[in-house]
There are 4 protein chains.
Amino acid sequence: MLQAALEAFAAEGRLVPLDDIARRAGVGAGTVYRNFPTKEALFTAVITDRFESIIEEARSLAGADDPGERFYGFLMWVVERAMFNHAICEALALEEGIKAFAAGVEEEFNEALDALLRRAQAAGDVRADVDLRDVRALMAGCVVTERLRRADGPPGRMTALACDALRPSAVTKVRDESPPPSRNESRCEVCGTPLAAARTGRPARFCGAACRQKAHRRRSAATKSG
Amino acid sequence: MLQAALEAFAAEGRLVPLDDIARRAGVGAGTVYRNFPTKEALFTAVITDRFESIIEEARSLAGADDPGERFYGFLMWVVERAMFNHAICEALALEEGIKAFAAGVEEEFNEALDALLRRAQAAGDVRADVDLRDVRALMAGCVVTERLRRADGPPGRMTALACDALRPSAVTKVRDESPPPSRNESRCEVCGTPLAAARTGRPARFCGAACRQKAHRRRSAATKSG
Amino acid sequence: MLQAALEAFAAEGRLVPLDDIARRAGVGAGTVYRNFPTKEALFTAVITDRFESIIEEARSLAGADDPGERFYGFLMWVVERAMFNHAICEALALEEGIKAFAAGVEEEFNEALDALLRRAQAAGDVRADVDLRDVRALMAGCVVTERLRRADGPPGRMTALACDALRPSAVTKVRDESPPPSRNESRCEVCGTPLAAARTGRPARFCGAACRQKAHRRRSAATKSG
Amino acid sequence: MLQAALEAFAAEGRLVPLDDIARRAGVGAGTVYRNFPTKEALFTAVITDRFESIIEEARSLAGADDPGERFYGFLMWVVERAMFNHAICEALALEEGIKAFAAGVEEEFNEALDALLRRAQAAGDVRADVDLRDVRALMAGCVVTERLRRADGPPGRMTALACDALRPSAVTKVRDESPPPSRNESRCEVCGTPLAAARTGRPARFCGAACRQKAHRRRSAATKSG
DNA sequence: AATGAATGAGACTTCATTCAT
DNA sequence: GATGAATGAAGTCTCATTCAT
């Protein structure tokens with residue numbers, strides 16, 4: 001049944017109806033509830049199962065030579081697994097709120113990943129100015145990227161690109177000089193997108209030409225009708 | 001009303017109840033249905049509206065100098081808008097199945113983006129081995145990455161990283177080294193993840209050390225109990 | 001197993017899940033069904049078991065001296081047992097519909113109780129105008145009363161009060177003063193409660209001042225809006 | 001719809017399926033949820049509605065002459081209403097845990113009832129050693145008693161009996177001298193009922209003759225089989 | 001044309017009862 | 001004979017969509 005849930009969640013994601021899972025498993029819905037108290041618990045169990053093996057993999061790489069390639073290899077490996085598994089994908093990309101992991105599992109994953117990261121950084125294979133949270137976020141982004149390329153290209157290509165960006169030799173320093181989000185930030189008058197306040201010059205009213213144009217058309221219409 | 005839908009979808013995503021949208025708009029649910037035949041059509045309308053302005057922005061940049069920075073700037077600009085707009089985020093990341101765009105809108109977007117991309121490539125500012133679909137996928141990935149980093153860092157940091165990867169000076173060229181997706185691909189015996197078929201040597205049975213270990217433990221258990 | 005059912009029903013009442021009972025008994029649910037055809041039959045068995053012991057107690061008191069105190073003592077004893085036993089409580093208070101007793105058991109209980117009652121009445125210790133059904137009903141009422149006072153008072157206090165009401169010296173004789181339930185009884189125009197038809201004078205339209213007032217307000221509102 | 005809920009809860013109690021309520025109201029189940037967020041909220045609304053009128057009635061009696069009869073009359077009146085209304089019945093008898101009342105309503109009811117009680121006590125019409133909680137508990141008990149007598153007697157008879165017990169002229173002093181429930185109380189070896197520990201003499205092992213007999217039979221059986 | 005009440009399918013969950021082992 | 005996994009009907013609740021007013 002865990003297998004059926006695994007497949008169902010992998011194929012359809014967290015929102016797949018529980019009845020579908022039961023049908024896949026060839027049992028009634030009630031039988032699922034005999035084993036897992038809620039659907040959420042079942043999802044957690046599936047995620048935990050998947051991540052236990054992911055964590056194992058990370059640990060098995062921790063002591064090896066060539067920390068850089070181990071780290072990048074692990075990244076690629078996780079992304080590949082998530083490409084074909086909607087559940088892992090969601091667990092990685094879930095924003096705060098929904099808990100997909102059993103207690104402690106996410107922490108273990110973070111620790112194992114952090115260990116790989118630090119060793120790779122120590123070896124000079126990963127730029128020093130990224131941290132665990134960067135890698136976690138990048139990982140989730142890579143998964144989405146790969147899923148969208150999945151249909152028509154070699155797997156891993158986009159992730160390889162992203163990995164390049166982590167290498168110390170990459171062109172740009174990560175923009176540490178970019179300002180923290182200001183509290184009284186201004187917003188586009190048309191669409192409300194926050195505007196990156198330029199430090200000098202006339203302050204922007206719109207987030208781009210599109211909205212500027214739209215505002216212009218509105219002014220014209222108002223003049224005409226008024 | 002479109003404005004209300006826009007805000008609701010931006011804040012809560014595609015799954016926001018239609019009643020919430022109607023309430024935000026200060027109208028009855030029936031009135032929404034007078035204007036849009038289904039909720040999905042409303043979502044499409046919202047997405048189309050947003051992308052019209054995005055397309056306008058792209059076109060306004062098409063003729064400008066410095067194609068590289070125009071291209072990267074546009075990428076960042078789209079990502080920033082999606083960071084605060086769940087609807088754009090979903091439209092960019094939506095896999096096949098749900099149509100978020102009105103007929104032709106996605107094509108227009110693709111064309112405008114492709115124009116920026118080609119100009120930037122022609123100017124030598126973007127590596128030659130990426131295509132439109134790569135950029136589309138990367139864009140969606142960046143959105144997810146940024147949303148996850150949103151809480152605790154300057155916006156755009158992760159996207160800047162990813163942009164680096166598109167620059168010609170980046171370390172790796174990946175495309176033609178990775179094998180084409182094999183049709184009768186093998187899969188990990190434990191977790192079913194597709195395996196990249198090694199060109200030489202013994203074919204892999206597992207997707208990594210974790211699953212190899214798991215298989216080993218299973219064999220041990222079977223021996224003991226048998 | 002009967003012991004387990006007894007405890008479970010006592011603690012949680014008739015609605016306790018059968019699985020809980022099976023778990024308490026340390027057997028599978030199927031085993032319960034091997035012994036009792038339905039859950040209801042199990043409940044009946046439990047109630048029967050309890051009442052057998054209650055009936056025994058009643059009979060053991062039947063021949064004794066001091067019939068008044070025997071009767072009142074038995075009443076208190078039953079109530080005390082029911083206070084800590086949800087199942088007995090429900091069996092005593094169950095209105096028509098669900099049968100809690102095995103065939104004949106309730107009759108035996110009634111006979112034993114009636115014997116105590118008649119002896120006590122013969123001895124002048126219980127007023128003559130109460131019958132078995134009164135006592136049965138009062139018993140159930142006392143159980144509810146005691147359960148509600150259980151938390152913060154000495155047990156039996158409220159039942160002692162009620163017993164007072166059964167003593168011949170009690171103030172009121174009510175039976176024949178109150179009218180028989182009229183068949184075509186009228187009902188309160190507001191809340192529908194049956195109205196005791198006054199024998200003389202203008203027939204009541206409301207069950208009390210509260211509903212009269214409510215009707216008045218409604219008339220005012222109707223006048224204002226009309 | 002409130003009317004339908006009122007009738008359904010009155011007839012079947014808190015556990016009536018919501019679909020039944022909807023059917024009674026002639027609407028779909030969803031329509032009920034448009035008006036009340038949960039079934040519990042609907043029950044609360046019904047109870048609150050009923051008790052508002054009960055509270056009004058109590059208040060309308062508060063200033064009147066003859067506080068004793070007002071108090072007893074109110075008691076009877078409430079009991080009569082609950083006799084034909086399972087919902088009121090449950091609200092009065094509900095033990096801790098489930099909240100049936102909207103915030104403040106139960107307190108208002110208690111205050112109004114307490115006012116009647118105190119006035120009647122001041123007038124010497126109700127014995128001084130009962131308090132609000134006694135009356136509340138007694139009220140619930142009377143409801144149960146009356147419901148059981150409903151079928152075959154004049155309504156109110158049993159409650160009148162119970163009221164007698166509250167009058168100062170009643171025979172017995174309420175047992176204030178009875179001991180508080182002791183912490184390490186002993187229990188019947190057979191059925192587990194708590195035993196009122198006698199202050200002197202040999203401590204009881206059983207709650208009554210019935211259980212003593214049962215234990216005896218068990219000993220015989222053990223001897224025979226051993 | 002707008003309203004928002006009504007609908008009803010479908011989601012999650014519980015639990016009495018059955019049945020293969 | 002015992003087990004406990006499996007069943008499936010029924011309950012609560014949500015929400016896209018319809019429709020009387």
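Note that these values count all heavy atoms, side chains included, but never hydrogens, waters or copies made by symmetry. Below, read A as the first sequence line, B as the second, and so on, with proteins coming before strands; counting in each chain starts at 1. Model, not experiment: these values are computed from the prediction.
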K.L.:
Quick one about H86(C) and R147(C) (side-chain donor to acceptor, distance below 3.5 Å, no hydrogens or angles considered), yes or no?
P.N.:
yes
K.L.:
Might you point out which heavy atoms bring A87(A) and I47(A) nearest each other, and give the distance in Å?
P.N.:
O-CD1, 3.4 Å
K.L.:
Whole Å only: how far is the CG atom of D19(B) from the C1' atom of dC13(F)?
P.N.:
14 Å
K.L.:
When you match R34(C) and L15(B) each to their closest nucleotide on DNA chain F, which lands nearer the 5' end?
P.N.:
R34(C)
K.L.:
Nearest nucleotide by nearest heavy atom, which residue falls closer to the 5' end of DNA chain F, V16(B) or N35(C)?
P.N.:
N35(C)
K.L.:
Output yes when at least one side-chain N/O atom of Y33(D) is less than 4.0 Å from OP1 or OP2 of dC13(F), else no.
P.N.:
yes
K.L.:
Mapping V27(D) and T31(B) to their closest nucleotides on DNA chain E, which lands nearer the 5' end?
P.N.:
T31(B)
K.L.:
Over how many whole Å does the gap from R23(C) atom CZ to dG4(F) atom P extend?
P.N.:
11 Å
K.L.:
Report yes or no: does E90(B) contribute a side-chain atom to a donor-acceptor pair with the main-chain N or O of R14(B) at less than 3.5 Å?
P.N.:
yes
K.L.:
For G28(A), report the nucleic acid contact type (base, sugar-phosphate, nothing); a contact means any heavy atom under 4.0 Å.
P.N.:
sugar-phosphate
K.L.:
Pair T48(A), F43(A) - check side-chain contact (heavy atoms from CB on, under 4.5 Å), show working.
P.N.:
CA-CA 8 Å; T48(A) 299; F43(A) 185 68; over 6 Å; no
K.L.:
Where do L92(B) and F51(B) land on the side-chain contact (heavy atoms from CB on, under 4.5 Å) test, with the steps shown first?
P.N.:
CA-CA 10 Å; L92(B) 287 173; F51(B) 272 79; 3.7 Å; yes
K.L.:
Both distances under 3.5 Å, Watson-Crick or G-U wobble: on that basis, could you give the dot-bracket string for DNA chain F, with [ ] for crossing pairs and | for other-strand partners?
P.N.:
.||||||||||||||||||||
K.L.:
Measure the spacing between CG of L18(A) and CD of E40(A) and express it to the nearest 0.5 Å.
P.N.:
12.5 Å
K.L.:
Going 5' to 3' on DNA chain E, which nucleotide is the first and which the last to come under 4.0 Å of a heavy atom in chain A?
P.N.:
dA11(E) to dC15(E)
K.L.:
Apply the side-chain contact (heavy atoms from CB on, under 4.5 Å) test between F9(C) and each candidate in I88(C), V16(C), D20(C); give the one that qualifies.
P.N.:
V16(C)
K.L.:
Separation of D20(D) atom CG from dT12(F) atom C1', in whole Å?
P.N.:
13 Å
K.L.:
Determine, stepwise, if the pair R81(B) / R50(B) fulfils side-chain contact (heavy atoms from CB on, under 4.5 Å).
P.N.:
CA-CA 10 Å; R81(B) 300 192 74 173; R50(B) 289 296 86 185; 3.5 Å; yes
K.L.:
Using heavy-atom distances to pick each residue's nearest nucleotide on DNA chain E, tell me which of K39(C) and P17(A) is more 5'.
P.N.:
P17(A)
K.L.:
If you apply the rule side-chain contact (heavy atoms from CB on, under 4.5 Å), what do you find for F101(D) with T44(D), and how did you get there?
P.N.:
CA-CA 5 Å; F101(D) 295 95; T44(D) 295; 5.8 Å; no
